[in-house]
Amino acid sequence: MIQKPRGTLDILPGESKKWQFIESACRKVCKKHGFGEIRFPTFEETQLFARGVGDTTDVVQKEMYTFTDRDGTSYTLRPEGTASVARAVIENGLAGGTMPLKLFYIINCFRHERPQAGRYREFYQFGAELFGATSPSADAKLILLASDFLKEIGLKNISLHINSIGCPECRSVYRDALVKYFSQKKEDLCQTCRSRLETNPLRILDCKSPICKGIAADAPKTIDYLCQSCKEHFDGLKERLSEVGIDYTVDCNIVRGLDYYSRTVFEFISEGIGAQSTVCGGGRYDGLVSQIGGPELAGIGFAAGINRLVLSMENGSSFKDEEEGPDLYIAAIGEKASVKANGLCAKLSDLGIVSETDLVGRSLKAQMKYANKIDAAFTLILGDGELQTGRAQLRNMKTGDQFDVSPDDIESIIKIVKREGV
Ligand code: ATP
Ligand code: MG
């Protein structure tokens, strides 16, 4: 038996309702905040991610699905959305347009990770990016979008953690301080962090190993190294978050370890879904667009992991699972009645009434049993007799009330079905 690839999911109709609920929350809040949807390819030239995500990141070093196609070009299944969006912004000339540019996307992403709860090899992200604005107001706007989105889903126990990693100038001073600190503890760091010490020391701060975490707790803090203008930017953001009523914690272990990231970084964390608790992560990336060959264009964005949001919904949300059967089941006995029932179903569905009839050749008794099972609100029985007399019984399955109707009088059928509580 062929099985789905490790770390991927089949999402069946009962479960996919939750996904639809989340996706409609994305669309609703993006509309409210003036973000337009962008769609882009599932795969891109490998170079884009090497440069746009960063050569020294785990994603690029260990997690990408890269393949050479029949023409010998190296492509990679997108591990995230930001690099592709930045590429599309440049390629479509949007970088020269009116700013700010506000975009969102809902995509599947691919990373070759060790599958576990909340961590998959194909997963889904809702992301938003805001280009062409460096002010703290832009950062606050983007965080508000994420916060409104999480509120719309109605998740419990979500907290916002923010940090500033400064600009390339103040960060290089900070980086030196970090290297100095971690070098003294080098022997105790995990294997990966020992090499991070050379390539990407900021990343040690978000290592998941408990020992590295313990060491990182006493490391120098980014916010103590901010230059004056980065400090003002961060203060400005905090002031604006307070003004719009968004609670936050300053958490100096949140980092993005690449040079084109600057200033604001943030995460929304969900308690009670296990180790993979970051449901949304984002930050400012003022150097990214130029890094991949575009003009100087500031940007800030976030990506929320939809799989983890679905897991968080187990602990309470605004989602209501309305298990609903069709409005009407038409039981048909015989070929003629079946033809009639098909026509009636089609007309009713055009008019917004969900109706079903037999597709698998059941007996009348079995059809009625099926109507019960799928929880049809009404049934209508059609046989030769009904076709001859032109009258049939429309039955409310909950109350048992019966109505004598003409199968051709669609308006009367709809009136009864609607009046009786559909
Ligand atoms: P983590 O630290 O959990 O590996 P990350 O820093 O790699 O996360 P980002 O690249 O910031 O994650 O992606 C944004 C969001 O996408 C994450 O906060 C998370 O909710 C989700 N996400 C990332 N990787 C996975 C995965 N393998 N499976 C499911 N969701 C994921
Ligand atoms: Mg990761």
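Not measured: the values here are computed from a predicted model. Just follow the structure's listing: the first ligand is 1, and inside any ligand the first atom is 1. The figures here come from the full heavy-atom set of this structure, side chains too, leaving out hydrogens, waters and symmetry mates.
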Asks: With a 4.0 Å cut-off on N to O distance, would you call Lys18 and Glu314 a salt bridge?
Replies: yes

Asks: Could you tell me, atom by atom, which parts of ligand 1 come under 4.0 Å of a heavy atom of Gln125?
Replies: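 Contacts of ligand 1 toward Gln125, numbered from 1: 13 (O), 14 (C), 15 (C), 16 (O).
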
Asks: Going by salt bridge (Lys or Arg N to Asp or Glu O under 4.0 Å), Asp58 matches just one of Arg111, Arg114, Arg196, Arg203. Which one?
Replies: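 The passing option is Arg196.
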
Asks: Looking at Glu129 and Arg284, is any side-chain nitrogen of the basic one under 4.0 Å from a carboxylate oxygen of the acidic one?
Replies: no

Asks: Backbone N or O of Gly166 within a donor-acceptor pair of the Tyr174 side chain at under 3.5 Å?
Replies: no

Asks: Report yes if some N/O of Tyr120 lies less than 3.5 Å from some N/O of ligand 1; otherwise report no.
Replies: yes

Asks: Starting from atom 21 (C) of ligand 1, which protein heavy atom do you reach first, and at what distance in Å?
Replies: Gly305 CA, 3.7 Å

Asks: Non-hydrogen atoms of Glu267 versus ligand 1: any pair closer than 4.0 Å?
Replies: no

Asks: Give me the residue, atom name and distance of the protein heavy atom closest to atom 2 (O) of ligand 1.
Replies: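 It is Lys208 NZ, 2.8 Å.
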
Asks: Would you say Val279 contacts ligand 1, with heavy atoms under 4.0 Å as the rule?
Replies: yes

Asks: Salt-bridge test for Asp176 and Lys180: reply yes if a basic N is under 4.0 Å from a carboxylate O, no otherwise.
Replies: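 Lys180 and Asp176: not salt-bridged.
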
Asks: Go through ligand 1 atom by atom and flag the ones less than 4.0 Å from a non-hydrogen atom of Ala303.
Replies: 14 (C), 15 (C)

Asks: Can you find a pair of side-chain heavy atoms, one from Phe126 and one from Phe302, that are under 4.5 Å apart?
Replies: yes

Asks: Is it true that Asp321 and Lys17 make a salt bridge, defined as a side-chain N closer than 4.0 Å to a carboxylate O?
Replies: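 Yes.
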
Asks: Nearest non-hydrogen contact with atom 5 (P) of ligand 1 belongs to which option: Arg308, Arg203, Glu80, Arg111?
Replies: Arg111

Asks: For Gly118, take its heavy atoms, then give the atoms of ligand 1 lying under 4.0 Å from any of them.
Replies: 28 (N), 29 (C), 30 (N)

Asks: How close does the nearest protein non-hydrogen atom get to atom 27 (N) of ligand 1, and which residue and atom is it?
Replies: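 Here the closest protein heavy atom is Glu113 OE2, 2.6 Å.
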
Asks: Is it true that Glu44 and Arg87 make a salt bridge, defined as a side-chain N closer than 4.0 Å to a carboxylate O?
Replies: yes

Asks: Are the charged groups of Arg39 and Glu37 less than 4.0 angstrom apart, N to O?
Replies: yes

Asks: Can you tell me which residue and heavy atom of the protein come closest to atom 4 (O) of ligand 1, and the distance to 0.1 Å?
Replies: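 Answer for atom 4 (O) of ligand 1: Arg119 NH1, 2.9 Å.
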
Asks: Within the structure, does at least one protein heavy atom fall under 4.0 Å of atom 30 (N) of ligand 1?
Replies: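 When distances to the protein are checked, atom 30 (N) of ligand 1 has a heavy atom within 4.0 Å.
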
Asks: In the protein, what heavy atom is nearest to atom 11 (O) of ligand 1, and what distance, to one decimal place, separates them?
Replies: Arg256 NH2, 3.4 Å

Asks: For ligand 1, which part of Arg121 has a heavy atom less than 4.0 Å away: the side chain, the backbone, both, or neither?
Replies: neither

Asks: What is the nearest protein non-hydrogen atom to atom 26 (C) of ligand 1, stated with its residue, atom name and distance?
Replies: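 In this structure, atom 26 (C) of ligand 1 has Phe123 CD2, 3.5 Å as its nearest protein heavy atom.
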
Asks: Could you check which of Ile254, Thr82, Thr278 puts a non-hydrogen atom nearest to atom 18 (O) of ligand 1?
Replies: Thr278

Asks: Salt bridge or not between Asp139 and Lys238? Use side-chain N to carboxylate O under 4.0 Å.
Replies: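 Result for this pair is no, no salt bridge flagged.
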
